[in-house]
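Every chain is numbered from 1 and lettered A, B, ... according to where its sequence line falls, protein lines coming before strand lines.
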2 protein chains.
Amino acid sequence: MLVEQEIPVAASTLTEVARLAGVSPATASRVLNGSARKPGPGVSERVRQAAATLGYIPNAQAQALAKSSSGLVGLIVHDIADPYFSAIARGVQEVAREQHKMVLLATTGGTPADEKEAVAAFAARRADAIVIAGSRSSRPEDANGNAELAAELDRYCRNGGHVGVVGQPVVGAGALEGYHLVEVPNEQLAAALAGKLAASHSGDFVIIGGPEGLITSDDRIRGFQSGLAAAGRPAAEVLRASFNRAGGYEAGLQLAQRIRNARTGEAARGGAKPNLCIFAANDVMAIGAAAALRSQGFKVPRDALIAGFDDIETLRDFRPGLSTVRLPLEEIGRLATLSTLGSGSGGEDGHHDGGPVVTGQVTLRRSTEWTP
Amino acid sequence: MLVEQEIPVAASTLTEVARLAGVSPATASRVLNGSARKPGPGVSERVRQAAATLGYIPNAQAQALAKSSSGLVGLIVHDIADPYFSAIARGVQEVAREQHKMVLLATTGGTPADEKEAVAAFAARRADAIVIAGSRSSRPEDANGNAELAAELDRYCRNGGHVGVVGQPVVGAGALEGYHLVEVPNEQLAAALAGKLAASHSGDFVIIGGPEGLITSDDRIRGFQSGLAAAGRPAAEVLRASFNRAGGYEAGLQLAQRIRNARTGEAARGGAKPNLCIFAANDVMAIGAAAALRSQGFKVPRDALIAGFDDIETLRDFRPGLSTVRLPLEEIGRLATLSTLGSGSGGEDGHHDGGPVVTGQVTLRRSTEWTP
DNA sequence: GACTTTCGGGAAAGCGCTTGCCATCCCCGG
DNA sequence: CCGGGGATGGCAAGCGCTTTCCCGAAAGTC
């Protein structure tokens, strides 16, 4: 018996389904959306049938309003096209999907003011959780913005929201229930990297870092320096540039000039071991620096060694292979999201929990390997 | 006169604001959220004041429900961590931001069934627009899924939604009002690339394509072949692999074997021009293939030329520079989004409009440049 | 067999906001 | 001086769904 498929011009509502099934909206709601109460099998069948016929799609907004939980996860990144963030985003997205939630995306360029705004927007949408990736800033001029961001987050948490922060705590945020942190051991890893590099490189070190106050960058720099110190080496000079390829390139040009000067001074003897090892605070900067060196006629690792941080996937095919620290970015995204959703119980004492442990791995490749 | 900042434990509602301001919720609504009617200045001031005191954040869900428009833009991609998609996502995000909308992200791996589900979810959330990036599939086994996807999209459009599709039309989708397409001239560009390559390369061509039925890939292959034909060259052999780095790598290994065989056969004479030019249907595959060749001891462009498609930003530092076709991905994302939002009027005749014009640019670099 | 428990279903009260409509009030021309 | 028109504010009816009661009936308990 073929039933005429009704193709409604407008989205049909629960009430219509209920009417068609000859039950009350309450019952229809109970059968179609998991409720504690399970209506009888006969009724259920009728309702489901009616829903199918009408092509019923529940109005998520209305549901959210009624049960004040939206099934939304907010994700805040600096720039979704940056491979660092898109890798994290993939992790977040995966978990969200598993948990039948949708992710709401906001990109802020790292400006605390924008981040605050994004949090507010997420709060307005009653997002169940917010994941903030991307370095916090400790710059004085951002102090204000940070404070507002922290306040906004606090309020969000106080209203029952959960926030997962990747990397380091939001400056000034309280130790609230619902506030989770996925700590990334930038400092230790950078120290470990420095140690390894110091073992094989006897010359100078120089660091290309992001702008002062970018915590991730600062942590990595500090870690690298302490690693150097532990190896009995003098502290490295730090060049500041913007935390992206362009910044790396710019700094790379400076360094090229410097190498050139050194060379002419020392009467170019062939086969000399490169005298400089560059540590860029992230892979993208490292690539930029490498490009700059190349543009000036220098080769890595022949004329300078170079290492980065993150082990961005797309960059693994870069030649010479970039020495770096592998960070499980996708996993980090997953963990940050899970900490806010999955373990509604996981951290019953919850607030500011030590959080899941993330480890990275120093990965040495050709870019820091001098071969005679 | 310092007023004690009231810090409400729960998010405050419009009604509370109204009460504090001594007006009706209607009025409060009118002043706080752009309404056609502008209440008097005195009242407005009081309401705004009250809202500030209470730290009022409108409940977007409720607003959406009441005015059935959510301020949401749905974005469907295969994989957000793929630089191709993340570049597009950036464009989408930008426009959304400009228009004070938020983007809702869904990743589907390209499965029509998942895409359909994503569309349904977006529809449930009453997204104002949906942008679908990522190749459609014309494979027979996806026909079913495609049909369902098309149906879901149709229904969404019929309910007043706007959808913007990147690349090629959804197979089987009707020519509906609210259905926009940003066409990417994959075929022409691939042909142009083939032409340029044919001009400088006299040997064989081989194509590494995605799985058969992936329209983007197929278009590029077809274009390349026709470009070859136009240059009086025989059609190239097509190797099929998955549309990502791994696929490229795999195919690259096969080709390496082939090159090796050819070499031993022809009694290795040094300095021979590479006999093979590889066209990979996208940059990531090209990189994979290049890595495979390298792993087998071959060098690009010494032993084989190679070209890709997309001009992924992160890959521009790859050495040797990868010949490719530059696609303005971010712009494509922007256009797709704008077509659904900005020009609510732009295409008043609207449906299936020719859409904005996207052009790419053949970009030759070292990877296809044989130097003696 | 009379009583307390379930249990399946419905009525209705919201969730927080927008908006059509009505009641005022003021300003102005006649 | 009075009536009409244009502002301006409030009332109340939803938007579509969930959920708390409540009620009748079926099922258990001595």
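A donor-acceptor distance shorter than 3.5 angstrom exists from the side chain of D128(A) to the backbone of S70(A), with no hydrogens or angles considered. The main-chain N or O of A21(B) is found under 3.5 Å from a side-chain atom of R46(B) such that the two form a donor-acceptor pair. Of the possible polar contacts, one joining the Q61(A) side chain to the R125(B) backbone as a donor-acceptor pair under 3.5 Å is found. T53(B) places a side-chain N or O within donor-acceptor distance of the main-chain N or O of Q49(B), the cut-off being under 3.5 Å.
The residue among L65(B) and V23(B) whose nearest nucleotide of DNA chain D is located toward the 5' end is V23(B).
As a whole-Å value, the separation of N59(A) CG from dC17(D) P is 6 Å. Here the P atom of nucleotide dG16(C) and the CZ atom of R19(B) are 12 Å apart, to the nearest Å. Atom CZ of R125(A) is separated from atom P of dC17(C) by 13 Å (rounded to the nearest Å). To the nearest angstrom, P of dG16(C) lies 11 Å from CG of N159(A). In this structure, R126(B) places its CZ atom 8 Å from P of dG16(D), rounding to the nearest Å. Taking atom CD on E16(B) and atom C1' on dC17(C), their separation rounds to 13 Å, with Å as the unit. Going from atom CG of L54(A) over to atom C1' of dG16(D) covers 14 Å, rounded to whole Å. One atom, CD of Q63(A), and another, C1' of dC17(C), lie 18 Å apart when rounded to the nearest Å.
Remark: N33(A) is in phosphate contact with dT18(D), judged by side-chain N or O atoms under 4.0 Å from OP1 or OP2. Distances shorter than 4.0 Å separate none of the side-chain N or O atoms of S29(A) from OP1 or OP2 on dC17(D). OP1 or OP2 of dG10(C) sits under 4.0 Å from a side-chain N or O of S24(A).
In terms of polar N and O atoms assigned as donor or acceptor, the side chain of R30(B) comes within less than 3.5 Å of the base of dG10(D) in a complementary pairing.
If you check every strand for non-hydrogen atoms under 4.0 Å, S68(B) touches nothing.
Side-chain atoms of T13(A) lie closest to dG16(D) of the nucleotides dG16(D), dT18(C), dG9(D). With dT18(D), dA12(C), dC17(C) as the choices, the nucleotide that has an atom nearest any side-chain atom of L14(A) turns out to be dT18(D). For T27(A), whose side chain is taken as the heavy atoms from C-beta onward, the closest listed nucleotide among dG10(C), dC17(D), dC15(D) is dG10(C).
Considering only heavy atoms from C-beta on, R126(B) comes within 4.5 Å of N59(A) through its side chain.
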